[in-house]
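Each ligand, and each atom within it, is numbered from 1 in the order the structure gives. The residues of the chain are indexed from 1 along the displayed sequence. Side chains included, hydrogens not; waters and symmetry mates left out as well; all remaining heavy atoms used.
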Amino acid sequence: MSNFKNTETALIHGGISIDEHTGAVNIPIYQTSTYKQDGLGKMRGYEYSRTGNPTREALEALIRDLEGGYAGFAFGSGMAALTAVLSLLHSGDRVLISSNVYGGTFRLLSKVFNHFDFTYTIADTADLDVYESQITDDVKAVIIESPANPLMTVTDIAAVAEVSHRHGLLVIVDNTFMTPYLQKPIALGADIVVHSATKYLGGHSDVVSGLAVVSTPELAEKIAFIQNSTGGVLGPFDSFLLIRGIKTLAVRMDRHVENAEKAALFLEEHKAVKNVYYPGLPTSQGYEVNKKQAKNGGAMISFELHENYDIRTFFESLELVSLAESLGGVESLVCHPATMTHASIPADIRKKVGITDGLIRLSVGIENIDDILSDIAQAIEKAEVK
Ligand SMILES: *Cc1c(COP(=O)(O)O)cnc(C)c1O
């Protein structure tokens, strides 16, 4: 593990940051599938790129250092990372998930892993007594997102980890929304951290990728075996892009958050807005817990317009901010969780957990904040049903 105590420095110098053969200050793209062996059983450390590739390894060492874990692993997407991690479990096992878990995670459990008699329960990670009562004998793991998508529900990671460990559960945290610059789940008690690195870590909406970091040698050995066996690895070029993106994470995040804090206040004061969900607002549900476990509230905001605003017109009137899936890129994006990111969650469950048809999710980019807010303001104005 690297010795960089400040994340800003580790982002640039963590992992394997210099090519040992040439001194290149960027790890080259080792675009190769295989490696010449010097004789039978005489390998130079690599044999086949599904098993190991130097560019991917530099990225894996970097995310290990950033999350403060024992080992890192890079995958072709966030879902591939989650699939590998959930492959630690067996048929008959059950996993607890919070109600606001990412739609794709819900789909993976409810439509794929259910074929293997490996199932899930939606848990109340916000109420520890209720949560503990949901830990039946077959429960082997919990997946936490904090803040969780799309209502930015905050879970006390240390508290849930403590209760979960008392029952021998594996604690998995999806840290996509916060990144290790804002929140370090392993230090809070998580066993495994997963990322959709497609989002803030990549940061430029140009690469789909996933990462996992484990806290122990035993878990590292198992995930390495699963990664090589199931094969959902990240390619060398995408690994390079991700390393490149991660170097600027701190400066990007600082601007994302500065803009998001202004956007949240703007929305909170706007007469057309009914609710704002942002853990950086002192009035929000998880403000205190989030403040305790994360550097700030991040840059994802959800909000609802009053009934006399037509959200279809709102989305179609935006000029700068794009309507798109995904988040965490330099450009501001909005999405409609009910029909986009969370469409794979049945309507009744959506309604129960508060993902209403009027909910809008905003990924605040790093453009000039006045430009972002004036675009949103003019779209809201057009959306008013007179
Ligand atoms: C996007 C996302 C995922 C899935 O990652 P992909 O890279 O799209 O496969 C998982 N969790 C969260 C919180 C996400 O936002």
Inset, instruction - Could you tell me whether a side-chain N or O of H204 sits under 3.5 Å from a main-chain N or O of G202, the two making a donor and an acceptor? - result: yes

Inset, instruction - Identify, for atom 3 (C) of ligand 1, the protein heavy atom at the shortest distance, and state residue, atom and that distance. - result: Y102 CE2, 3.3 Å

Legend entry - Stepwise salt bridge (charged side-chain N to carboxylate O under 4.0 Å, His left out) test for R166 and E162: CA-CA 6 Å; R166 231 189 292 135; E162 197 271 319; 3.2 Å; yes

Inset, instruction - List every atom of ligand 1 that sits less than 4.0 Å from any heavy atom of S209, numbering the atoms from 1 in the order shown and giving each element. - result: 7 (O)

Inset, instruction - Test the K199-Y102 pair against the cation-pi criterion, namely NZ or CZ under 6.0 angstrom from the six-membered ring centroid and within 45° of the ring axis. - result: yes

Legend entry - Under 3.5 Å: donor-acceptor pair, side chain of E304, backbone of K274: no

Legend entry - Main-chain N/O of D156 paired to Q293 side chain as donor or acceptor, under 3.5 Å: no

Legend entry - Donor-acceptor contact present, side-chain Q183 to main-chain S146, <3.5 Å: yes

Legend entry - Heavy atom of A81, distance to ligand 1 below 4.0 Å: no

Inset, instruction - Check each heavy atom of S326 against ligand 1 and say whether those closer than 4.0 Å belong to the side chain, the backbone, both or neither. - result: neither

Inset, instruction - Kindly identify the option in S196, A197, P147 whose heavy atom sits closest to atom 8 (O) of ligand 1. - result: S196

Legend entry - G78-ligand 1 polar pair, N/O distance under 3.5 Å: yes

Inset, instruction - Looking only at distances, please establish whether an N/O atom of ligand 1 is found under 3.5 Å from an N/O atom of N149. - result: no

Inset, instruction - State whether the shortest distance between N or O atoms of E145 and N or O atoms of ligand 1 falls below 3.5 angstrom. - result: no

Inset, instruction - Decide whether an N or O pair under 3.5 Å exists between T105 and ligand 1. - result: no

Legend entry - Atom indices of ligand 1, in the order listed, that fall short of 4.0 Å to a heavy atom of M79: 4 (C), 5 (O), 6 (P), 9 (O)

Legend entry - Closest protein heavy atom to atom 15 (O) of ligand 1, given as residue, atom name and distance to 0.1 Å: K199 NZ, 2.7 Å

Inset, instruction - Please could you name the atoms of ligand 1 that D174 approaches to less than 4.0 Å, counting only its heavy atoms? - result: 10 (C), 11 (N), 12 (C), 13 (C)

Enumerate donor-acceptor pairs with a distance under 3.5 Å from any side-chain N or O in residues 317-330 to protein atoms, sequence neighbours excluded.
from: S317; atom 1: OG; to: T313; atom 2: O; distance (Å): 2.6

Inset, instruction - Write out all pairs satisfying salt bridge (Lys or Arg N to Asp or Glu O under 4.0 Å) with one or both partners inside residues 22-46, taking only residues at least two apart or from two chains. - result: D38-R44

